[in-house]
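Throughout, a chain's letter reflects where its sequence line sits, starting with A, and its residues are numbered from 1. Only heavy atoms go into these numbers, but all of them, side chains included; no hydrogens, no water, no symmetry mates.
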Protein chains: 2
Amino acid sequence: MLSYSEENHLKAIFHLSVNNESGVSTNSIASKMNSKAPSVTEMLKKLSEKDLVVYKKYQGVLLTDFGRKTALSVIRKHRLWEVFLVEKLNFKWDEVHDIAEQLEHIKSEKLTNELDKFLDYPTKDPHGDPIPNPAGFIKYTAKLVLSDLLIGETGKFIGVKDSSSTFLKYLDKREISLGSNIKVIHKEEFDESIHIGLVETNLSISVKSAANIYVTKL
Amino acid sequence: MLSYSEENHLKAIFHLSVNNESGVSTNSIASKMNSKAPSVTEMLKKLSEKDLVVYKKYQGVLLTDFGRKTALSVIRKHRLWEVFLVEKLNFKWDEVHDIAEQLEHIKSEKLTNELDKFLDYPTKDPHGDPIPNPAGFIKYTAKLVLSDLLIGETGKFIGVKDSSSTFLKYLDKREISLGSNIKVIHKEEFDESIHIGLVETNLSISVKSAANIYVTKL
DNA sequence: AAATTAATTTAGTCTAGCCTAAAAATTTAG
DNA sequence: CTAAATTTTTAGGCTAGACTAAATTAATTT
Ligand SMILES: [Mn+2]
Ligand SMILES: [Mn+2]
Ligand SMILES: [Mn+2]
Ligand SMILES: [Mn+2]
């Protein structure tokens, strides 16, 4: 039975492993966990002891298959609960993350799988992130950021890179929501802002925002 | 922000306070918590420090209004989650308690209240126990145990005293479920067993079982 | 290639939550 | 109303998980 802290460390390592062939560094984990390096080192020893990671002093750390599967099980629960909160309990997409951080640690496979069924087997969470299946398989969708689109190109808004409450609420205010088709109308040279067209309206947004919006080219 | 252990102690004290005017004893709490007296003493000092209980050495302990409200909030969450598991996720009444023990500690008032709404404001949990309202008000129903009924009397099955998985599954097997009207047909002198009549069938059950079934006289 | 800088680990400390054993207070009994 | 039994508290210890400061190893510069 893993502790919350062990599960959270595994999750952090998993997220840091994406696009990172070599080992994950102690400091990067500490920074993601809002803790300090010595706490991470101690945890790595414990996780290594339990065969959840491969750890060699000063060499960074990598998940074992077992560790990866465990991390994905936590992520699966996190995302399913986020769907539940939005779909069934009237939460907004910017309100669910903190609660899901708590719910992801509830231990009951039956609960997770019944929840999955109850939600009709969703494949994406409210932020567009893929939901791993019970076996720990996760289906990634090719995506690029809106700021990479050229003038005249259109993309479908499929996810956010920055999922902070602030950014999510900003998108709500501008009525940019998951699934929207966004066309790049014009790029301003002076401040690099990007004029975009939604189904109805046209808007202008900063590069910073555009760099945080995942799209698939249409 | 209270810890799980603090919340669990409050819950234990609350349950031990029912029908117990004077203070709750250290040992009774330890026994309910599956811990030892010194651990309880230590916790009582902490809870007292936080004004959740009134504690005086060797004098037992009582909840303050604040402590009582806090305990009831945990119990409210526990019972709402049990309803959710049974009503929405196909759990049986004997499978929900352990999961609710985890879920009752999730911190989000909005979550609790939205869940309540989603479940259409249930007043009883799957075991017949009343669900406190958001203000911490709990509505008790007058009840007696089946074994107290006299021959010829009929009672409506409204709750269980023993809510162990074993007993609940036994009731399932005998097809005795919440809401059933149970008539006492005969009491066997030899082994004190009680012959009862359900809507259709007649059964015989032990005094022990009968002493664990709450009914209201019809 | 040595020196400096940066990253990581070790050493030692702290708190929460639990424990056992011993001491003290309260209750029960003779 | 003392004496024994019971209950409760204190004392001291342990583990998990966090931290700071110091030491060590690795990486980067000159
Ligand atoms: Mn999230
Ligand atoms: Mn998400
Ligand atoms: Mn329960
Ligand atoms: Mn219940």
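In this structure, CE of A/Met43 is placed 14 Å from C1' of D/dC19, rounded to the nearest angstrom. Between the CG atom of A/Leu47 and the P atom of D/dA16 there is a distance of 13 Å, given to the nearest Å. Nucleotide D/dA16 holds its C1' atom 17 Å from the CE atom of A/Met1, rounded to whole Å. Between the P atom of D/dC19 and the CG atom of A/Asn34 lies a distance of 9 Å, rounded to the nearest Å. With rounding to whole Å, A/Met33 atom CE is found 6 Å from D/dA18 atom P. Rounded to an integer number of Å, the gap from B/Asn8 CG to C/dA16 P is 17 Å. Taking atom CG of residue B/Leu2 and atom C1' of nucleotide C/dG17, one finds them 15 Å apart after rounding to whole Å.
Counting only residues at least two apart or on different chains, the salt bridge (Lys or Arg N to Asp or Glu O under 4.0 Å) pairs with a member in residues 10-27 of chain B are B/Lys11-B/Glu101, B/Lys11-B/Glu104.
Enclosure of atom NZ in A/Lys56 is not indicated, since only 12 or fewer non-hydrogen atoms of other residues, nucleotides or ligands lie within 6.0 angstrom. Around atom NZ of B/Lys187, more than 12 heavy atoms belonging to other residues, nucleotides or ligands sit under 6.0 Å away.
Looking at heavy-atom distances under 4.0 Å, A/Ser5 makes contact with sugar-phosphate atoms alone, never a base. Using a 4.0 Å heavy-atom cutoff across all strands shown, B/Ser35 reaches sugar-phosphate atoms only and no base atom.
With hydrogens and angles left out, the side-chain atoms of B/Asn27 and B/Ser25 include no donor and acceptor closer than 3.5 Å.
For D/dT20, one of the phosphate oxygens OP1 or OP2 lies less than 4.0 angstrom from a side-chain nitrogen or oxygen of A/Lys36. Applying the 4.0 Å criterion to OP1 and OP2 of C/dG17, one finds that B/Ser3 has a side-chain N or O inside that range. Between B/Asn27 and D/dT6 there is no side-chain N or O to OP1 or OP2 distance below 4.0 Å.
Checking D/dA16 for Watson-Crick or G-U wobble geometry (two distances, each under 3.5 Å) identifies C/dT15 as its partner.
Judged by distance alone, the side chain of B/Glu6 and the main-chain N or O of B/Ser3 form a donor-acceptor pair under 3.5 Å.
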Give every donor-acceptor pair under 3.5 Å between a side-chain atom in residues 124-132 of chain B and any protein atom, sequence neighbours left out.
{"unit_1": "B/Asp125", "atom_1": "OD1", "unit_2": "B/His127", "atom_2": "N", "d": "2.6"}
{"unit_1": "B/Asp125", "atom_1": "OD1", "unit_2": "B/Gly128", "atom_2": "N", "d": "3.1"}
{"unit_1": "B/Asp125", "atom_1": "OD1", "unit_2": "B/Asp129", "atom_2": "N", "d": "3.0"}
{"unit_1": "B/His127", "atom_1": "ND1", "unit_2": "B/Glu82", "atom_2": "OE1", "d": "3.1"}
{"unit_1": "B/His127", "atom_1": "NE2", "unit_2": "B/Trp93", "atom_2": "O", "d": "2.8"}

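At least one cation-pi condition fails for B/Lys50 and B/Phe66: the charged atom is not both under 6.0 angstrom from the six-membered ring centre and inside a 45 degree cone around its axis.
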> Can you give one letter per nucleotide of nucleotides 9-14 of chain D, 5' to 3': B if a protein heavy atom sits under 4.0 Å from the base, S if only from the sugar-phosphate, - if neither?
Replying inline: BB----
